[in-house]
Amino acid sequence: MLSNSIIECFKMRTWQNEWLNWYAEHRRDLAWRNTKDPYAIWVSEVILQQTRVDQGTDYYHRFLDRFPTVSHLANAPEKDVLKCWEGLGYYSRARNMHHAAGQIVATHGGQLPADRDALLALKGVGPYTAHAVASIAFGLPYAVVDGNVSRVLSRLFLITDDIATGKGHKRIEQQALEILDHRDPGTWNQAVMELGALVCTPVNPRCGDCPVSGICKAYIKGMTDELPVKSPKKKPRDRFFNYLVWEDPGGIHLTKRTTKDIWQNLYEFPLWESDQPVSGPEELIEAMPSYFRSGKEKIIDHTSITHILTHQRIHAVFCHVQSDRVIKQPGIERIERDSPVAWPVHRLVQQYLVKLGFIF
Ligand code: SF4
């Protein structure tokens with residue numbers, strides 16, 4: 001007579017196989033699924049955090065064309081790495097990868113280590129990225145947990161803990177490890193994530209097309225809409241960015257954001273951040289360093305744009321002035337109208353420069 005644990009094991013193997021068959025048939029043909037290069041897999045995993053697949057694919061190809069190996073990335077100036085990342089957002093990902101590439105060259109001879117703890121020691125690499133690279137590139141038995149996995153597992157196993165809390169996340173991690181298929185952990189992890197991306201979607205999951213609906217507790221109990229439990233996001237913080245767009249004949253001035261804040265080490269127009277909205281362009285110009293004030297400047301535009309980030313709402317004002325003076329001050333760079341913008345800028349500033357006819 002078979003013991004209960006053997007029967008359970010057998011059942012699990014059966015639905016794991018169904019899940020893997022579904023993945024083999026329905027998986028999207030994504031560029032990073034056709035490589036075993038740990039570096040390329042790492043790049044794809046970092047890009048895809050916080051980024052849609054269609055947008056991320058272009059950046060993935062561009063990044064690998066520009067920095068084909070860890071050594072190329074490590075040896076590049078940070079400015080070039082940020083330029084390649086321009087428009088993708090969450091720029092700390094690029095800065096951290098650049099730093100981590102230096103660590104890999106210094107400590108691992110330029111090859112990503114096939115070891116979870118060594119991966120976790122790299123700057124910016126957390127459990128998700130370490131487990132993804134370890135399992136997909138090296139076949140090591142680590143389970144990944146991202147938003148898709150959390151949603152699928154909370155529904156499948158009726159996990160009602162808030163997945164935004166440490167306790168809820170831990171519970172999902174344990175469950176992910178319990179069902180990890182050790183025959184091919186990398187393929188298994190991707191199959192779980194793919195089900196979350198294509199079938200077990202945040203709203204209106206397509207349970208009729210799901211290979212594991214027969215064992216899904218939320219589906220059986222009619223609770224798919226109630227899971228996962230997630231505490232509401234905090235209200236974003238309002239910030240007021242006032243930019244002076246200083247145009248001399250043929251060029252515009254930019255400065256580097258050096259403080260530990262959003263968009264660190266990217267370039268933008270000279271900025272004054274105020275506690276509340278400014279009354280008008282005169283107040284904005286008055287708040288700028290004195291070398292920007294001669295009284296002869298002509299204000300030709302004063303535009304407001306609200307830019308939404310995950311935790312911040314940026315109320316930006318662009319005061320565009322024309323002057324016959326070129327500003328030569330430490331920390332002020334000048335971009336020419338007729339050549340492509342070489343400095344990495346964030347999207348808010350990029351949009352305004354594109355409006356003015358600058359080329360990217
Ligand atoms: Fe998700 Fe529905 Fe499949 Fe359950 S049955 S895992 S809710 S798609």
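As the structure lists them, so they are numbered: ligands from 1, and atoms in each ligand from 1. Hydrogens, waters and symmetry mates play no part in the numbers below; they use all other heavy atoms, side chains included.
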Option from Glu268, Glu333, Glu86 for which side chain to side chain contact (heavy atoms under 4.5 Å, CB included) with Trp343 holds = Glu333
Under 4.5 Å between any side-chain heavy atoms of Arg239 and His315, yes or no?
-> no
Can a salt bridge be assigned to the pair Glu194 and Arg33 using a cut-off of 4.0 Å between side-chain N and carboxylate O?
-> yes
Using 4.0 Å as the upper bound for N to carboxylate O, is an ion pair formed by Glu247 and Arg337?
-> yes
If you leave out waters, which protein N, O or S atoms are less than 2.8 Å from atom 2 (Fe) of ligand 1?
-> Cys207 SG
What's in the same ILVMFWY side-chain cluster as Ile285, cut-off under 4.5 Å, chained through other members?
-> Leu244, Trp246, Trp272, Val278, Leu284, Met288, Tyr291, Phe292, Ile299, Val317, Val321, Ile327, Ile332
Name the one of Tyr267, Tyr352, Phe318 that satisfies ring pair (Phe, Tyr, Trp, His ring centres under 6.0 Å) with Tyr243?
-> Phe318
